[in-house]
Amino acid sequence: MNCPRTDSVQQSRVHGPRDPELEIHAGSCDACRAVIELSPFFEQLAASSLDASIPDARMVWLKAQIIQSRRQVRHVQKTLDVLQLLPWGGVALCWAGLIAAKWSQILASLQDFSLGRFLYLSFTGGSALPITLIVVVLGLMTVTAGMALHSILREE
Amino acid sequence: MQSPAAGSFGQTMHEIQAGRVDESHFDRVYRSSARPLLSYVARVSQDSSLAEEIVQATFFRFLQSGGPTMDEKQTRQYLFRIASNLLADHWRSAGRERRFWSFVRPEPPIDRRETRLDVRKIFEMMKPQQREILWLAHVEGCTHGEIADILELREKSVRVLLFRARKRLQDLLATKGLQEEIFR
């Protein structure tokens, strides 16, 4: 089916010089003869007109530069996106720290919690929780809301 | 493979791979490789506008790749490999699209009585992979090993596929009665 010399026959046909010994061999070898017989076909095919045209090298170069710049912009954007996640992480850590540190007080106030008592304490100015804790909670809530608003506006 | 016109081609390739090629160097590389690449893709894909797109995409990818240093021959093979992969990607997505539309609108039957045949028409009757292999072997003059590298096949497979493709082409030429006309 195949002949190890077809590659050599084909190489000599395309690149030259033509080797008479190989040409003689091709006369008695079906696989190699096919290479030689098909050569004119491919010569015609390669010489036939081509509808396509290549763009100017400068245009391709400039397009490649633009693509490269866009890629760099995307890369920077991705880094910025990651950096913007850091404040969210910080706020989440603050919340977690606060809850962990004041867990016993929060738990105690939740166990005693009733709406009537809460409203009474609110009106009389008293509180079951220390004032510093309430300030910290309010501060964290403000920061969280501010960041959420910033994220929404940035998306828009 | 044909030799490019540029003298310092090898050095240019190294500079491109290192990402510090300037426009004049790129120009030399482009001028030596773009035309053969376009012929290959256009003949294999049978679509001129697609060929133009693929050739551009090949050079974009080539510029963006930070591959190892290559000599002139390897670079040329590398460009052909990128183009072949892009073609394969295109055929895969086109095949999916065709399968989808065939449910909606069946393809019209092919007219087998086509009489106006020339070398291009005959070549178009071959399977895409056969067209790739035959073009690389007979026009680009690639060895079996080089074809295997470009199309990511085994060398043994290339030998067999090439043999079958030649046989099919000969049969087609004989069937259409063009053998004598072409070989005259």
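Letters go in sequence order (proteins before strands), and every chain restarts at 1.
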**Q** What closest approach, in Å, do A:Ala34 and B:Arg166 show between heavy atoms, and which atom pair accounts for it?
**A**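 Smallest heavy-atom distance, with atoms named: CB-CD, 4.4 Å.
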**Q** State plainly whether one hydrophobic cluster holds both A:Leu140 and A:Trp88, where clusters connect Ile, Leu, Val, Met, Phe, Trp and Tyr through side-chain heavy atoms under 4.5 angstrom apart.
**A**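 Yes, A:Leu140 and A:Trp88 fall within the same hydrophobic cluster.
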**Q** Assigning hydrophobic clusters by single linkage (Ile, Leu, Val, Met, Phe, Trp, Tyr; side-chain heavy-atom cutoff under 4.5 Å), is A:Val143 placed with A:Met141?
**A**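 A:Val143 clusters together with A:Met141.
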**Q** Counting only heavy atoms closer than 4.5 Å, note whether B:Arg43 contacts chain A via side chain, backbone, both or neither.
**A** side chain
**Q** Side chains of B:Phe59 and A:Pro55: does their closest heavy-atom pair fall under 4.5 Å?
**A** no
**Q** Let me confirm one number: the CD1-CG distance from A:Ile54 to B:Leu37, rounded to the nearest 0.5 Å.
**A** 9.5 Å
**Q** May I ask you to decide if the ring planes of A:Phe41 and B:Phe123 are parallel, tilted or perpendicular, using 30° and 60° as cut-offs?
**A**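 Taking B:Phe123 first and then A:Phe41, their aromatic rings sit tilted (interplane angle of 30° to 60°).
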**Q** Main chain of B:Thr143, side chain of A:Asp7: is a donor-acceptor contact present, judged purely on distance under 3.5 Å?
**A**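 Here the side-chain-to-backbone pair does not exist.
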**Q** Could you check whether any side-chain heavy atom of B:Val119 comes within less than 4.5 Å of a side-chain heavy atom of A:Phe42, counting everything from C-beta outward?
**A**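 When only atoms from C-beta onward are counted, A:Phe42 and B:Val119 do not touch, as no gap falls below 4.5 Å.
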**Q** Counting heavy atoms not belonging to B:Arg61, are there more than 12 under 6.0 Å from its CZ?
**A**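 No, not enclosed.
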**Q** Would a single hydrophobic cluster contain both B:Ile133 and B:Trp91, if residues Ile, Leu, Val, Met, Phe, Trp and Tyr are joined by side-chain heavy-atom contacts under 4.5 Å?
**A**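 Yes; B:Ile133 is reachable from B:Trp91 via cluster members.
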**Q** Regarding A:Gln44 and B:Arg120, is there a side-chain donor-to-acceptor distance under 3.5 Å anywhere?
**A** no
**Q** Output the residues of residues 66-80 of chain A for which the shortest heavy-atom distance to chain B is under 4.5 Å, in residue-number order; output 'none' if no such residue exists.
**A**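 Within residues 66-80 of chain A, the residues under 4.5 Å from chain B are A:Ile67, A:Gln68, A:Arg71.
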**Q** Is chain B contacted by the side chain of A:Ser8, its backbone, both, or neither, given a heavy-atom distance below 4.5 Å?
**A** neither
**Q** Check A:Val60 against B:Phe60 and note the closest heavy-atom contact, atom names and distance.
**A** O-CE2, 3.4 Å
**Q** Give the minimum heavy-atom separation between B:Asp27 and A:Ala57, together with the two atoms involved.
**A**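 It is OD1-CB, 3.0 Å.
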**Q** Quick check for you: to the nearest 0.5 Å, what is the distance between A:Ser53 atom OG and B:Arg35 atom CZ?
**A**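 Going from the OG atom of A:Ser53 to the CZ atom of B:Arg35 covers 7.0 Å.
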**Q** Nearest 0.5 Å, please: how far is OG1 in A:Thr6 from CZ in B:Phe163?
**A** 9.5 Å
**Q** Linking I/L/V/M/F/W/Y whenever their side-chain heavy atoms sit closer than 4.5 Å, directly or via other members, would A:Ile99 and A:Leu107 fall into one cluster?
**A** yes
**Q** With a 3.5 Å distance limit and no angle check, can you tell me whether A:Gln10 reaches the backbone of B:Ala137 through a side-chain donor-acceptor pair?
**A** yes
**Q** Indicate if A:Leu62 and B:Val55 have the same hydrophobic cluster label, given that clusters are the connected sets of ILVMFWY residues with side-chain heavy-atom separations under 4.5 angstrom.
**A**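 Yes, same cluster.
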**Q** Within the side chain of B:Gln56, is there an N or O that forms a donor-acceptor pair under 3.5 Å with the backbone of A:Ala64?
**A** no
**Q** Is there a donor-acceptor pair under 3.5 Å between the side chain of B:His138 and the backbone N or O of A:Leu38?
**A**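 No.
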**Q** Pick one of side chain, backbone, both or neither for A:Asp56, based on which atoms fall under 4.5 Å of a heavy atom in chain B.
**A** backbone
**Q** One pair to check against side-chain contact (heavy atoms from CB on, under 4.5 Å): B:Trp135 and A:Leu45. What are the steps and the verdict?
**A** CA-CA 9 Å; B:Trp135 185 274; A:Leu45 185 67; 3.7 Å; yes
